[in-house]
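Worksheet: the structure to be examined is printed underneath.
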Amino acid sequence: MYATLLEKVGQVLVPGDEFHLRTDDTISLSEPQRAEKMICGPGLRRSGERVVVCKSGLLRHKHPNMFWVDSQQKRYVPARGDTVIGIVTAKSGDVFKVDVGGSDAASLSYLAFEGATKRNRPNVQVGDLVFAQFAVANQHMEPELVCVDAAGRANGLGVFGGDGLLFKVSLGLVRRLLSPLSDLQVALQQLYPFELVIGMNGRLWVKSSSVQRTLIIAALLESCENMSLSQRQQLFQRVAQGAL
């Protein structure tokens, strides 16, 4: 039942753990007579009356009816709508092949850029970094990327990456950085001004005013992943005082 899942929120679950549900189980919302079905996020799979844990991690809950497992995995599985940092690896006709860190390379059409036409082709070269969004991502089809939003605008998507540093972190740290409640980026900006591009595939690109500062920001992002709040504050204070 949902009560059982709620009791496990914040605890570590491992693959194979099961929770039994009735198919008509619901969670009541604040409004009278209104209810919503349960939503299983990453790490959970619903099969009839059972909810099965697929990966190890902490069980999380978002009011009113969403549950997922927060893990520190680094293997990325493409999902439709995710914005990722990709590396152009080849050009095949009118399609670019892009490495996104998944099991297969994704395709990116030259028409999937703002203002692109047959005559006005984007300047994309092998080795370029692209910030793109998955338009197609499932187990039966080749992943497809686009560099425009629903309105056909770039809106920050496209080729980027001059003079910056690209590195990889866990997917858990990516979710922390993207969380509206995360103070990690704010704390880093208080040290040095920098640009940061976050890919849901665990890739980060950072650029500061100098190579040294860029390397320091990257090292801090990698180091604070497994630190407590107090440990992180002490580290940032040492950096601010010039100890590092």
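Nothing here was measured: the structure is a model prediction, and the numbers come from that model.
The CG atom of Leu188 lies 11.5 Å from the CD1 atom of Ile216; values are rounded to the nearest 0.5 Å. Once rounded to the nearest 0.5 Å, the distance linking CG of Leu44 with CE of Met66 reads 11.0 Å.
Looking at Lys118 and Asp94, no side-chain N of the basic residue comes within less than 4.0 Å of a carboxylate O on the acidic one, giving no salt bridge.
Considering all non-hydrogen atoms of both residues, Val52 and Glu18 come closest at CG2-CG, 4.2 Å. When every heavy atom of Gly43 is checked against every heavy atom of Val69, the shortest pair comes out as O-CG2, 3.8 Å. Residue Cys224 comes nearest to Leu184 through the heavy atom pair SG-CD1, 3.6 Å, listed as atom of the first residue, atom of the second, then distance.
A cation-pi arrangement is absent between Arg80 and Phe134, since the terminal nitrogen or guanidinium carbon is not both under 6.0 Å from the aromatic centre and inside a 45° cone about the axis.
Remark: Asp183 engages Arg232 in a side chain to side chain donor-acceptor pair (under 3.5 Å) (not counting sequence neighbours). Applying the side chain to side chain donor-acceptor pair (under 3.5 Å) criterion to Asn155, with sequence neighbours excluded, gives no partner residue. Judged as a salt bridge (Lys or Arg N to Asp or Glu O under 4.0 Å), and not counting sequence neighbours, Glu222 has no contacts.
Paired with Arg203 under the rule side chain to side chain contact (heavy atoms under 4.5 Å, CB included), one option of Val197, Val174, Ile87 passes, and it is Ile87. Screening Thr83, Ile198, Leu173 for a side chain to side chain contact (heavy atoms under 4.5 Å, CB included) with Leu178, the sole residue that qualifies is Ile198.
Between the side chain of Lys168 and the backbone N or O of Asn201 there is at least one donor-acceptor pair closer than 3.5 Å.
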Please evaluate residues Leu204 and Leu177 with respect to the criterion side chain to side chain contact (heavy atoms under 4.5 Å, CB included), reporting the C-alpha separation (whole Å), side-chain torsions for both, the decisive distance (0.1 Å), and the verdict.
CA-CA 10 Å; Leu204 302 182; Leu177 289 169; 3.8 Å; yes

